[in-house]
Protein chains: 2
Amino acid sequence: MPKNCNFIEKLREVGLRPTKQRVKMCEVLFNREKTFHFTINDLVKLLSEKMNQKISLATVYNTVHAFEKKGYLKEISIDSHKSYFDTNTSAHHHFFDEDTHELIDCDESDIDKINIRKNITGKKINSVEVLVRVASDNQTQK
Amino acid sequence: MPKNCNFIEKLREVGLRPTKQRVKMCEVLFNREKTFHFTINDLVKLLSEKMNQKISLATVYNTVHAFEKKGYLKEISIDSHKSYFDTNTSAHHHFFDEDTHELIDCDESDIDKINIRKNITGKKINSVEVLVRVASDNQTQK
DNA sequence: ATCTACATTATAATAATTCTAAACTATTGA
DNA sequence: TCAATAGTTTAGAATTATTATAATGTAGAT
(Lines give C-alpha, C1' and ligand atoms only; values in the text may rest on other atoms or scores of the structure.)
Protein backbone atom coordinates (compact mmCIF):
# COMPACT_ATOMS: atom_id res chain seq x y z
CA MET A 1 0.00 0.00 0.00
CA PRO A 2 1.61 3.26 -1.11
CA LYS A 3 1.92 5.92 1.54
CA ASN A 4 -0.32 8.28 -0.45
CA CYS A 5 -3.31 6.25 0.69
CA ASN A 6 -2.96 7.76 4.12
CA PHE A 7 -3.20 11.23 2.71
CA ILE A 8 -6.14 10.36 0.49
CA GLU A 9 -7.95 9.06 3.53
CA LYS A 10 -7.00 12.00 5.70
CA LEU A 11 -8.16 14.49 3.13
CA ARG A 12 -11.42 12.67 2.72
CA GLU A 13 -11.94 12.58 6.48
CA VAL A 14 -11.99 16.35 6.75
CA GLY A 15 -14.07 16.76 3.63
CA LEU A 16 -11.39 17.82 1.18
CA ARG A 17 -11.38 16.07 -2.18
CA PRO A 18 -8.13 14.21 -2.61
CA THR A 19 -7.02 15.74 -5.85
CA LYS A 20 -3.63 15.08 -7.44
CA GLN A 21 -2.37 18.49 -6.30
CA ARG A 22 -3.54 18.15 -2.71
CA VAL A 23 -2.05 14.70 -2.32
CA LYS A 24 1.25 15.93 -3.74
CA MET A 25 1.24 18.83 -1.33
CA CYS A 26 0.51 16.49 1.56
CA GLU A 27 3.51 14.41 0.60
CA VAL A 28 5.76 17.44 0.61
CA LEU A 29 4.37 18.87 3.83
CA PHE A 30 3.60 15.91 6.02
CA ASN A 31 6.01 13.13 5.04
CA ARG A 32 8.54 14.41 7.54
CA GLU A 33 9.96 13.54 10.89
CA LYS A 34 10.18 17.08 12.20
CA THR A 35 7.61 19.83 11.90
CA PHE A 36 8.11 22.02 8.90
CA HIS A 37 7.99 25.79 8.72
CA PHE A 38 7.56 27.43 5.35
CA THR A 39 6.31 30.34 3.32
CA ILE A 40 4.14 29.92 0.23
CA ASN A 41 7.22 30.73 -1.79
CA ASP A 42 9.27 27.98 -0.15
CA LEU A 43 6.50 25.53 -0.88
CA VAL A 44 6.12 26.45 -4.53
CA LYS A 45 9.87 26.08 -4.96
CA LEU A 46 9.92 22.71 -3.25
CA LEU A 47 7.07 21.44 -5.36
CA SER A 48 8.55 22.51 -8.64
CA GLU A 49 12.22 21.83 -7.98
CA LYS A 50 12.30 18.79 -5.74
CA MET A 51 9.03 17.14 -6.71
CA ASN A 52 9.02 18.22 -10.29
CA GLN A 53 5.37 19.06 -9.87
CA LYS A 54 4.06 22.17 -11.55
CA ILE A 55 1.15 23.46 -9.50
CA SER A 56 -0.42 26.81 -10.16
CA LEU A 57 0.39 29.47 -7.60
CA ALA A 58 -3.32 30.08 -7.04
CA THR A 59 -3.80 26.42 -6.21
CA VAL A 60 -0.97 26.48 -3.72
CA TYR A 61 -2.59 29.44 -1.97
CA ASN A 62 -6.03 27.85 -2.08
CA THR A 63 -4.78 24.53 -0.83
CA VAL A 64 -2.65 25.91 1.95
CA HIS A 65 -5.63 27.89 3.16
CA ALA A 66 -7.91 24.86 2.86
CA PHE A 67 -5.40 22.89 4.95
CA GLU A 68 -5.26 25.71 7.45
CA LYS A 69 -9.03 25.87 7.78
CA LYS A 70 -9.18 22.13 8.34
CA GLY A 71 -6.46 22.21 10.98
CA TYR A 72 -3.67 20.64 8.97
CA LEU A 73 -1.59 23.80 9.06
CA LYS A 74 -1.21 26.78 11.30
CA GLU A 75 -0.21 30.29 10.36
CA ILE A 76 2.55 31.92 12.40
CA SER A 77 2.98 35.69 12.65
CA ILE A 78 6.57 36.67 12.94
CA ASP A 79 7.38 38.91 10.15
CA SER A 80 4.78 41.24 8.77
CA HIS A 81 6.27 40.90 5.34
CA LYS A 82 5.55 37.25 4.72
CA SER A 83 3.27 34.52 6.00
CA TYR A 84 4.85 31.53 7.66
CA PHE A 85 3.00 28.27 8.09
CA ASP A 86 3.72 25.43 10.49
CA THR A 87 2.84 21.76 10.14
CA ASN A 88 2.68 21.59 13.93
CA THR A 89 -0.85 22.77 14.65
CA SER A 90 -0.77 22.37 18.43
CA ALA A 91 -0.32 25.40 20.69
CA HIS A 92 3.40 25.83 21.05
CA HIS A 93 6.07 28.47 21.25
CA HIS A 94 8.85 29.42 18.86
CA PHE A 95 12.38 30.59 18.62
CA PHE A 96 13.07 32.79 15.63
CA ASP A 97 16.63 33.06 14.41
CA GLU A 98 17.02 36.61 13.20
CA ASP A 99 20.23 35.78 11.34
CA THR A 100 18.86 32.95 9.21
CA HIS A 101 15.15 33.76 9.45
CA GLU A 102 14.61 30.23 10.63
CA LEU A 103 11.78 29.22 12.94
CA ILE A 104 12.36 26.60 15.61
CA ASP A 105 9.58 24.91 17.57
CA CYS A 106 9.78 24.86 21.34
CA ASP A 107 9.06 21.69 23.22
CA GLU A 108 6.62 21.82 26.07
CA SER A 109 9.52 21.61 28.50
CA ASP A 110 11.47 24.51 26.97
CA ILE A 111 9.33 27.24 28.44
CA ASP A 112 7.54 27.19 31.78
CA LYS A 113 3.80 27.58 31.77
CA ILE A 114 2.79 31.20 31.19
CA ASN A 115 0.78 32.72 33.99
CA ILE A 116 -1.57 35.47 32.92
CA ARG A 117 -2.85 37.69 35.67
CA LYS A 118 -4.94 40.09 33.65
CA ASN A 119 -8.46 39.47 32.48
CA ILE A 120 -10.20 41.30 29.69
CA THR A 121 -13.86 41.48 30.62
CA GLY A 122 -16.16 39.65 28.24
CA LYS A 123 -13.24 38.06 26.43
CA LYS A 124 -11.78 34.60 26.66
CA ILE A 125 -8.21 33.65 25.91
CA ASN A 126 -7.86 31.82 22.61
CA SER A 127 -4.12 31.27 22.66
CA VAL A 128 -0.95 32.29 24.42
CA GLU A 129 2.16 32.19 22.34
CA VAL A 130 5.72 33.17 23.04
CA LEU A 131 8.19 34.25 20.44
CA VAL A 132 11.85 34.23 21.46
CA ARG A 133 14.02 36.13 19.02
CA VAL A 134 17.62 35.00 18.99
CA ALA A 135 20.67 36.11 17.06
CA SER A 136 24.36 35.43 16.77
CA ASP A 137 26.23 35.83 20.02
CA ASN A 138 29.56 37.07 18.71
CA GLN A 139 30.98 40.55 19.24
CA THR A 140 31.27 41.42 15.57
CA GLN A 141 27.60 41.40 14.84
CA LYS A 142 25.93 44.38 13.24
CA MET B 1 7.62 77.55 24.45
CA PRO B 2 5.41 75.52 22.11
CA LYS B 3 5.44 71.77 22.66
CA ASN B 4 6.89 71.19 19.19
CA CYS B 5 10.27 72.33 20.47
CA ASN B 6 10.57 69.09 22.38
CA PHE B 7 10.12 67.11 19.20
CA ILE B 8 12.51 69.26 17.23
CA GLU B 9 15.13 68.68 19.90
CA LYS B 10 14.42 64.99 20.13
CA LEU B 11 14.64 64.49 16.40
CA ARG B 12 17.91 66.37 16.30
CA GLU B 13 19.31 64.29 19.15
CA VAL B 14 18.99 61.08 17.18
CA GLY B 15 20.23 62.65 13.99
CA LEU B 16 16.96 63.13 12.13
CA ARG B 17 16.36 66.48 10.53
CA PRO B 18 13.33 68.10 12.11
CA THR B 19 11.30 68.69 8.99
CA LYS B 20 7.74 69.97 8.98
CA GLN B 21 6.41 66.47 8.22
CA ARG B 22 8.41 64.73 10.92
CA VAL B 23 7.41 67.19 13.59
CA LYS B 24 3.77 66.86 12.60
CA MET B 25 4.02 63.08 12.81
CA CYS B 26 5.65 63.33 16.21
CA GLU B 27 2.74 65.41 17.43
CA VAL B 28 0.26 62.83 16.23
CA LEU B 29 2.20 59.86 17.55
CA PHE B 30 3.77 61.03 20.78
CA ASN B 31 1.50 63.71 22.24
CA ARG B 32 -0.53 61.07 24.06
CA GLU B 33 -1.05 59.73 27.51
CA LYS B 34 -1.32 56.09 26.53
CA THR B 35 0.81 54.16 24.08
CA PHE B 36 -0.59 54.12 20.60
CA HIS B 37 -0.88 51.16 18.24
CA PHE B 38 -1.42 51.85 14.56
CA THR B 39 -0.96 50.76 11.00
CA ILE B 40 0.44 53.02 8.30
CA ASN B 41 -3.08 53.36 7.02
CA ASP B 42 -4.40 54.52 10.38
CA LEU B 43 -1.66 57.09 10.56
CA VAL B 44 -2.22 58.50 7.10
CA LYS B 45 -5.93 58.85 7.89
CA LEU B 46 -5.21 60.56 11.20
CA LEU B 47 -2.82 62.99 9.59
CA SER B 48 -5.14 63.95 6.79
CA GLU B 49 -8.47 63.88 8.62
CA LYS B 50 -7.70 65.04 12.14
CA MET B 51 -4.60 67.10 11.54
CA ASN B 52 -5.52 68.36 8.11
CA GLN B 53 -1.99 67.65 7.06
CA LYS B 54 -1.41 66.20 3.63
CA ILE B 55 1.74 64.10 3.75
CA SER B 56 2.77 61.87 0.89
CA LEU B 57 2.32 58.18 1.55
CA ALA B 58 5.97 57.55 0.73
CA THR B 59 6.99 60.08 3.36
CA VAL B 60 4.81 58.42 5.97
CA TYR B 61 6.50 55.09 5.22
CA ASN B 62 9.95 56.66 5.22
CA THR B 63 9.37 58.53 8.42
CA VAL B 64 7.81 55.65 10.31
CA HIS B 65 10.78 53.51 9.34
CA ALA B 66 13.20 56.25 10.29
CA PHE B 67 11.49 56.50 13.69
CA GLU B 68 11.64 52.75 14.06
CA LYS B 69 15.34 52.62 13.27
CA LYS B 70 16.02 55.34 15.83
CA GLY B 71 14.00 53.60 18.51
CA TYR B 72 10.98 55.89 18.55
CA LEU B 73 8.66 53.16 17.30
CA LYS B 74 8.54 49.41 17.43
CA GLU B 75 7.01 47.08 14.89
CA ILE B 76 4.65 44.39 16.18
CA SER B 77 3.97 41.17 14.27
CA ILE B 78 0.47 39.95 14.75
CA ASP B 79 -1.17 39.72 11.46
CA SER B 80 0.80 38.86 8.40
CA HIS B 81 -1.42 41.09 6.32
CA LYS B 82 -0.55 44.42 7.83
CA SER B 83 2.21 46.01 9.89
CA TYR B 84 1.36 47.33 13.30
CA PHE B 85 3.56 49.84 15.10
CA ASP B 86 3.70 50.70 18.76
CA THR B 87 4.82 53.90 20.42
CA ASN B 88 5.87 51.85 23.43
CA THR B 89 9.33 50.68 22.45
CA SER B 90 10.17 48.80 25.61
CA ALA B 91 9.96 45.01 25.74
CA HIS B 92 6.41 44.18 26.68
CA HIS B 93 3.63 41.74 25.94
CA HIS B 94 0.32 42.20 24.16
CA PHE B 95 -3.26 41.15 24.12
CA PHE B 96 -4.80 41.06 20.68
CA ASP B 97 -8.55 41.29 20.41
CA GLU B 98 -9.50 39.13 17.47
CA ASP B 99 -12.97 40.66 17.26
CA THR B 100 -11.92 44.27 16.99
CA HIS B 101 -8.32 43.76 15.82
CA GLU B 102 -7.24 45.96 18.67
CA LEU B 103 -3.88 45.64 20.38
CA ILE B 104 -3.60 46.14 24.12
CA ASP B 105 -0.32 46.54 25.97
CA CYS B 106 0.36 44.35 28.99
CA ASP B 107 1.75 45.84 32.13
CA GLU B 108 4.77 44.26 33.69
CA SER B 109 2.52 42.78 36.37
CA ASP B 110 0.04 41.20 33.95
CA ILE B 111 2.24 38.27 33.00
CA ASP B 112 4.75 36.51 35.19
CA LYS B 113 8.35 36.47 34.09
CA ILE B 114 8.91 33.96 31.31
CA ASN B 115 11.40 31.26 32.14
CA ILE B 116 13.23 29.85 29.15
CA ARG B 117 14.95 26.55 29.67
CA LYS B 118 16.33 25.97 26.23
CA ASN B 119 19.51 27.44 24.87
CA ILE B 120 20.41 27.73 21.22
CA THR B 121 24.17 27.34 21.00
CA GLY B 122 25.98 30.37 19.69
CA LYS B 123 22.84 32.49 19.88
CA LYS B 124 21.74 35.01 22.44
CA ILE B 125 18.18 35.94 23.24
CA ASN B 126 17.20 39.32 21.85
CA SER B 127 13.64 39.44 23.07
CA VAL B 128 10.89 37.35 24.57
CA GLU B 129 7.39 38.43 23.72
CA VAL B 130 4.04 36.94 24.50
CA LEU B 131 0.94 37.43 22.42
CA VAL B 132 -2.36 36.58 24.06
CA ARG B 133 -5.18 36.31 21.56
CA VAL B 134 -8.60 36.97 23.03
CA ALA B 135 -12.08 36.98 21.59
CA SER B 136 -15.67 37.43 22.61
CA ASP B 137 -16.77 35.07 25.35
CA ASN B 138 -20.41 34.61 24.39
CA GLN B 139 -21.95 31.42 23.09
CA THR B 140 -23.17 32.85 19.82
CA GLN B 141 -19.76 33.53 18.41
CA LYS B 142 -18.80 32.24 15.00
C1' DA C 1 -21.11 6.66 -18.53
C1' DT C 2 -23.04 10.96 -17.20
C1' DC C 3 -23.92 14.65 -14.27
C1' DT C 4 -22.80 17.99 -10.91
C1' DA C 5 -20.29 20.23 -7.61
C1' DC C 6 -16.00 21.28 -6.46
C1' DA C 7 -10.90 22.17 -8.12
C1' DT C 8 -7.39 23.88 -10.94
C1' DT C 9 -5.50 27.02 -13.95
C1' DA C 10 -3.75 31.25 -16.25
C1' DT C 11 -4.42 35.65 -15.95
C1' DA C 12 -6.19 39.94 -14.19
C1' DA C 13 -7.01 42.68 -10.16
C1' DT C 14 -5.90 44.49 -5.72
C1' DA C 15 -3.24 45.93 -1.79
C1' DA C 16 0.80 46.93 0.72
C1' DT C 17 5.14 48.51 0.23
C1' DT C 18 9.37 50.18 -2.03
C1' DC C 19 11.80 52.59 -5.72
C1' DT C 20 12.91 56.57 -8.64
C1' DA C 21 14.16 60.84 -9.99
C1' DA C 22 13.06 65.53 -9.74
C1' DA C 23 12.05 69.36 -6.73
C1' DC C 24 12.73 71.06 -2.13
C1' DT C 25 14.84 72.40 2.43
C1' DA C 26 17.70 72.25 6.72
C1' DT C 27 22.27 72.79 7.88
C1' DT C 28 27.08 74.15 7.22
C1' DG C 29 30.57 77.25 6.65
C1' DA C 30 32.58 80.94 3.70
C1' DT D 1 23.90 86.33 4.62
C1' DC D 2 24.08 83.16 1.03
C1' DA D 3 25.46 79.53 -1.67
C1' DA D 4 26.79 74.61 -1.49
C1' DT D 5 25.43 70.12 -0.18
C1' DA D 6 23.50 66.44 1.88
C1' DG D 7 19.42 64.77 3.36
C1' DT D 8 14.08 64.98 2.52
C1' DT D 9 9.69 65.07 0.25
C1' DT D 10 6.86 64.05 -3.45
C1' DA D 11 4.04 61.89 -7.22
C1' DG D 12 3.95 58.30 -9.63
C1' DA D 13 5.94 53.96 -11.34
C1' DA D 14 7.49 49.42 -9.99
C1' DT D 15 7.44 45.45 -7.19
C1' DT D 16 5.65 41.85 -4.33
C1' DA D 17 2.27 39.13 -1.99
C1' DT D 18 -2.18 37.79 -2.24
C1' DT D 19 -6.97 37.28 -3.96
C1' DA D 20 -10.54 37.25 -7.62
C1' DT D 21 -12.29 35.67 -12.11
C1' DA D 22 -13.90 32.78 -15.42
C1' DA D 23 -12.95 28.99 -18.31
C1' DT D 24 -11.61 24.26 -18.24
C1' DG D 25 -10.93 19.96 -15.80
C1' DT D 26 -11.95 16.15 -12.53
C1' DA D 27 -13.74 13.37 -8.38
C1' DG D 28 -17.64 11.19 -6.66
C1' DA D 29 -22.49 10.12 -6.88
C1' DT D 30 -26.21 8.26 -9.66
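Residue numbers start from 1 in every chain, and the chains themselves are labelled A, B, ... in the order their sequence lines are given, proteins ahead of strands.
As rounded to whole Å, 8 Å separates atom C1' of D:dT5 from atom CZ of B:Arg17. For A:Asn62 and C:dA5, the CG to C1' distance is 16 Å, given to the nearest whole Å. B:Lys24 has its NZ atom 17 Å from the C1' atom of D:dT9, to the nearest Å. Look at CD on B:Gln53: it is 12 Å from C1' on D:dT9, rounded to the nearest Å. In this structure, the NZ atom of A:Lys20 is 13 Å from the C1' atom of D:dT24, given to the nearest Å. Distance, A:Leu57 CG to D:dA17 P: 10 Å, rounded to whole Å. Here C:dA7 presents its C1' atom at 14 Å from NZ of A:Lys69, a figure rounded to the nearest Å. Atom CG in B:Asp42 sits about 11 Å away from atom P in C:dT17, given to the nearest Å.
Distances shown here put a side-chain N or O of B:His65 below 4.0 Å from the OP1 or OP2 atom of C:dT18. Look at A:Gln21 and you'll find a side-chain N or O under 4.0 angstrom from OP1 or OP2 of C:dT9. Distances shown here put a side-chain N or O of A:Arg22 below 4.0 Å from the OP1 or OP2 atom of C:dA7. Proximity of B:Tyr61 to the phosphate of C:dT18: no side-chain N or O atom is located under 4.0 Å from OP1 or OP2.
DNA chain C is contacted by both A:Thr63 and B:Asn41; A:Thr63 maps to the nucleotide lying nearer its 5′ end (nearest heavy atom per residue). Remark on DNA chain D: of its neighbouring residues B:Ser56 and A:Ser83, the 5'-side contact belongs to B:Ser56, judged by nearest-heavy-atom nucleotide. Between B:Arg12 and B:Ile40, the one whose closest nucleotide on DNA chain C sits nearer the 5' end is B:Ile40.
Closest to the A:Pro18 side chain, of the nucleotides D:dG12, D:dA27, C:dT17, is D:dA27. Among C:dT17, D:dA20, D:dT10, the nucleotide with an atom closest to any side-chain atom of A:Ala58 is D:dA20.
Among the atoms of the strands shown, only primed sugar atoms or phosphate atoms (P, OP1, OP2) are found under 4.0 Å from some heavy atom of A:Thr19. Within 4.0 Å of A:Ile55, counting heavy atoms only, lie sugar-phosphate atoms of the nucleic acid but no base atom.
Contact detail for B:Val23 and B:Leu11: the closest heavy-atom pair is CG2-CD1, 4.0 Å.
For the residue pair A:Asp42/A:Thr39, the side-chain donor-acceptor check at 3.5 Å is satisfied.
A distance-only check finds no donor-acceptor pair linking the side chain of B:Asn88 to the backbone of B:Thr35 [under 3.5 Å].
A salt bridge does not link A:Asp105 to A:Lys34: none of the charged side-chain nitrogens sits closer than 4.0 Å to a carboxylate oxygen.
No single ILVMFWY cluster, assembled from side-chain heavy atoms under 4.5 Å apart, contains both A:Ile104 and A:Phe36.
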